[in-house]
Amino acid sequence: MADRERQTVFVTVGTTCFDALVMAVDSPEVKNALLQKGYTNLLIQMGRGTYVPSKGSGDATLQVDHFTFSPSIADNMRTASLVISHAGSGSIFETLRLAKPLIVVVNEDLMDNHQSELAEELAERKHLFCARPQTLGETIGAMDLGTLVPYVPGDTKPVVTLINKFLGFPVD
């Protein structure tokens, strides 16, 4: 692999069970789409799921590995070239703060899925790409990382000042 730069895709489902996402990234369609985009490694954090992905791909040029949990996935996110994540707000905003390209995959099996609203709004603002497990391969194939707009967190100071005034605390 000396002639190709390592390009890692990190997949996270958080602490939940999201077998549909793990199965999607384990599919030949998604693996081939990742290869076509130049990715060389696929690391899957599979959480509480029961589906165990294969460690190889049909084409041996995509190196695949997986694990269930880790004390911290921050290093995995930091070293990733692309993050594919469930729609949890913590994972989304941590990835955006690291300025990593992100595909959020919505878990349609959740009741009252407010997470999809967050993912779809951020996708509309071009901070990330949004997919469903069944559309992930198509999303990867069509994604153009150059269209993403960096996420800039809002300034919380005015809100903190307002709350402090309301509670009668001194305001700086």
Side-chain angles (χ1 to χ4, degrees), residues 6-31 33-35 37 39-57 62-140 143 145 148-154 156 159-160:
R6 181 182 171 116
Q7 295 287 314
T8 299
V9 177
F10 177 60
V11 179
T12 178
V13 302
T15 60
T16 64
C17 173
F18 193 1
D19 279 344
L21 173 53
V22 177
M23 291 169 78
V25 296
D26 193 36
S27 72
E29 177 193 6
V30 168
K31 288 178 177 176
L34 292 171
L35 282 168
K37 291 289 183 175
Y39 296 104
T40 58
N41 295 71
L42 175 61
L43 179 60
I44 305 167
Q45 181 268 321
M46 44 190 259
R48 297 185 200 285
T50 57
Y51 178 82
V52 179
S54 60
K55 289 229 179 184
S57 66
L62 185 66
Q63 302 299 312
V64 181
D65 202 0
H66 58 78
F67 63 94
T68 53
F69 294 103
S70 173
S72 172
I73 59 170
D75 286 340
N76 300 112
M77 288 183 160
R78 217 177 340 275
T79 60
S81 304
L82 171 68
V83 176
I84 299 174
S85 175
H86 66 115
S89 60
S91 295
I92 290 173
F93 287 114
E94 184 174 356
T95 305
L96 292 176
R97 274 192 293 276
L98 291 170
K100 295 294 178 174
L102 174 63
I103 300 174
V104 171
V105 181
V106 174
N107 186 346
E108 295 177 317
D109 294 335
L110 296 178
M111 298 292 280
D112 186 30
N113 198 349
H114 64 279
Q115 293 179 344
S116 67
E117 294 171 9
L118 174 62
E120 289 164 2
E121 178 64 28
L122 289 169
E124 194 171 301
R125 294 178 185 204
K126 303 212 179 297
H127 297 306
L128 54 81
F129 300 100
C130 187
R132 304 294 188 264
Q134 64 272 20
T135 64
L136 183 57
E138 181 182 321
T139 300
I140 293 166
M143 76 178 178
L145 300 182
L148 289 175
V149 175
Y151 174 77
V152 179
T156 60
V159 175
V160 171

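In this structure, CG on L62 lies 4.5 Å from CG on L35, to the nearest 0.5 angstrom. Atom CD of Q7 and atom NZ of K37 lie 12.5 Å apart (nearest 0.5 Å). The distance from the CG atom of N41 to the CG atom of L34 is 11.0 Å, given to the nearest 0.5 Å. Distance check: T95 OG1 to M77 CE gives 3.5 Å after rounding to the nearest 0.5 Å.
D109 has its side chain out of reach of F18: every pair of non-hydrogen atoms, C-beta onward, lies at least 4.5 Å apart. At least one side-chain heavy atom of K31 sits under 4.5 Å from a side-chain heavy atom of S54. You'll find the side chain of L96 reaches within 4.5 Å of the side chain of L122, heavy atoms only. M46 has its side chain out of reach of Y51: every pair of non-hydrogen atoms, C-beta onward, lies at least 4.5 Å apart. Considering only heavy atoms from C-beta on, N107 stays 4.5 Å or farther from V13 through its side chain. When side chains are defined from C-beta on, I140 does not count as touching Y39, because their heavy atoms never get closer than 4.5 Å. Within the 4.5 Å cutoff, the side chain of V11 has heavy atoms near those of the L42 side chain.
Each ring pair (Phe, Tyr, Trp, His ring centres under 6.0 Å) pair with one or both residues in residues 68-103, not counting sequence neighbours, appears once here: F93-Y151. The stretch residues 10-23 participates, sequence neighbours left out, in these side-chain hydrogen bond (donor to acceptor under 3.5 Å, both in side chains) pairs: T12-Q45, D19-T50. Annotation: salt bridge (Lys or Arg N to Asp or Glu O under 4.0 Å) contacts involving residues 76-104, sequence neighbours excluded, comprise D75-R78.
Taking E138 as the reference, nothing meets the salt bridge (Lys or Arg N to Asp or Glu O under 4.0 Å) condition, with sequence neighbours excluded. For S27, the side-chain contact (heavy atoms from CB on, under 4.5 Å) partners at least two apart in sequence or on another chain are E29, V30. Judged as a side-chain contact (heavy atoms from CB on, under 4.5 Å), and not counting sequence neighbours, the contacts of P101 are L82, L145, L148.
Between S89 and L118, the closest heavy-atom pair is CB-CD2, 3.7 Å. The two atoms that bring I103 and M143 nearest to each other are CD1-SD, 3.8 Å, heavy atoms only.
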Verify side-chain contact (heavy atoms from CB on, under 4.5 Å) between V25 and V64, making sure each step is shown before the conclusion. CA-CA 10 Å; V25 296; V64 181; over 6 Å; no
Side-chain atoms of residues 127-137: list all donor-acceptor pairs with protein atoms under 3.5 Å, sequence neighbours left out, distances to 0.1 Å.
from : atom 1 : to   : atom 2 : distance (Å)
H127 : ND1    : V149 : O      : 2.9
R132 : NE     : E108 : OE2    : 2.8
R132 : NH2    : E120 : OE2    : 2.6
Q134 : NE2    : E108 : OE1    : 3.4
T135 : OG1    : R132 : N      : 2.9
T135 : OG1    : R132 : O      : 3.2

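Between the side chain of S85 and the main chain of V104, no donor-acceptor pair closer than 3.5 Å is present.
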